[in-house]
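Working notes, beginning with the structure itself.
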Amino acid sequence: YEKTSITDPGALGIVGLTSGTRILGTPAVTASAGAVYKRPLFGQTSGFLSVDYSYTGDSVSLLNGGGGSLAIRPSYSLVNTRFGLSWGNSELALNIRNLTNAKPNLGDIGYVGYAQYEQNGTTIIPQVATLPPVTFTLEFKQSL
């Protein structure tokens, strides 16, 4: 848990930020947990499973609504898992990143390199920063 606030908005007061406003882009709460389970199966072969979970709480968006109104970026969770077999000096594993295919908005800044488009006569800059989609990788390791 982290409590942050602006003590002196300086020039940001022009856009409505005041003393006491949360620091932009900083979540108040973050948490993570993980677990690993390993079990002998047969001979020198063992099976294993690991899971990790992380939570990032809501934050004030880097873009605000002006006039003191703040845009809030919602909280999100991320789950990764890995399971497989190990024997001797070898390991075969399936890794799954972003198991729930979470797609949070991680960036609100309209970067110069991204194309703009029109919607109802208003120029929109896409908000494209997010997590990679669910990703599966098969991994083989051999120790010498």
Side-chain angles (χ1 to χ4, degrees), residues 1-12 15-66 68-120 122-144:
Y1 173 78
E2 188 167 1
K3 182 174 167 104
T4 63
S5 64
I6 295 173
T7 56
D8 180 5
L12 294 175
V15 294
L17 293 179
T18 59
S19 292
T21 301
R22 287 172 60 187
I23 300 289
L24 306 178
T26 305
V29 176
T30 56
S32 61
V36 177
Y37 177 74
K38 188 171 184 178
R39 178 186 171 100
L41 296 176
F42 50 87
Q44 291 186 354
T45 302
S46 294
F48 60 87
L49 168 68
S50 67
V51 177
D52 63 80
Y53 169 84
S54 64
Y55 170 81
T56 302
D58 69 356
S59 62
V60 175
S61 171
L62 294 178
L63 291 180
N64 65 62
S69 64
L70 298 176
I72 301 296
R73 182 180 297 140
S75 61
Y76 66 93
S77 298
L78 178 63
V79 178
N80 302 306
T81 188
R82 182 172 192 268
F83 59 93
L85 300 171
S86 61
W87 64 96
N89 294 333
S90 302
E91 181 180 279
L92 180 64
L94 179 64
N95 304 302
I96 307 172
R97 307 276 303 158
N98 194 3
L99 182 66
T100 61
N101 203 25
K103 297 177 184 172
N105 176 10
L106 300 178
D108 297 323
I109 299 173
Y111 301 99
V112 174
Y114 296 125
Q116 297 182 3
Y117 62 95
E118 297 287 325
Q119 181 179 5
N120 301 327
T122 304
T123 301
I124 304 293
I125 300 173
Q127 297 176 352
V128 296
T130 192
L131 296 172
V134 61
T135 305
F136 299 85
T137 56
L138 186 60
E139 175 183 35
F140 177 75
K141 291 183 187 179
Q142 178 75 43
S143 302
L144 299 177

Verdict with reasoning, L138 to L92, per side-chain contact (heavy atoms from CB on, under 4.5 Å): CA-CA 7 Å; L138 186 60; L92 180 64; 4.0 Å; yes
Heavy atoms only: give me the nearest [X]-[Y] pair and the separation to one decimal.
X: S77; Y: A102; result: O-CB, 3.5 Å
X: S86; Y: F48; result: N-CE2, 4.2 Å
X: V51; Y: V79; result: CG1-CG1, 4.3 Å
X: D58; Y: S75; result: N-CB, 3.5 Å
X: P27; Y: S59; result: N-CB, 3.8 Å

Got a second to check how far [X]'s [atom1] is from [Y]'s [atom2], nearest 0.5 Å?
X: N80; Y: S54; atom1: CG; atom2: OG; value: 7.0 Å
X: T81; Y: Y53; atom1: OG1; atom2: OH; value: 15.0 Å
X: R22; Y: I72; atom1: CZ; atom2: CD1; value: 5.5 Å
X: F83; Y: Y37; atom1: CZ; atom2: OH; value: 15.5 Å
X: E2; Y: T30; atom1: CD; atom2: OG1; value: 7.5 Å

Residues, nucleotides or ligands: over 12 heavy atoms within 6.0 Å of Q142 CD: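 Enclosed: over 12 neighbouring heavy atoms sit under 6.0 Å from CD of Q142.
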Does [X] reach the main-chain N or O of [Y] with its side chain, forming a donor-acceptor pair under 3.5 Å?
X: S19; Y: T7; result: yes
X: T100; Y: N98; result: no
X: S50; Y: A35; result: no

Residues which pass salt bridge (Lys or Arg N to Asp or Glu O under 4.0 Å) with E139, listed by chain and number, not counting sequence neighbours: R82
Salt bridge (Lys or Arg N to Asp or Glu O under 4.0 Å) contacts in which one or both residues fall within residues 30-54, not counting sequence neighbours: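 Of all non-adjacent pairs touching residues 30-54, none passes salt bridge (Lys or Arg N to Asp or Glu O under 4.0 Å).
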Non-hydrogen side-chain atoms of I23 and I6 separated by less than 4.5 Å: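 Answer yes - side chains close enough.
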Test log, rule side-chain contact (heavy atoms from CB on, under 4.5 Å), inputs T56 and R73: CA-CA 10 Å; T56 302; R73 182 180 297 140; over 6 Å; no
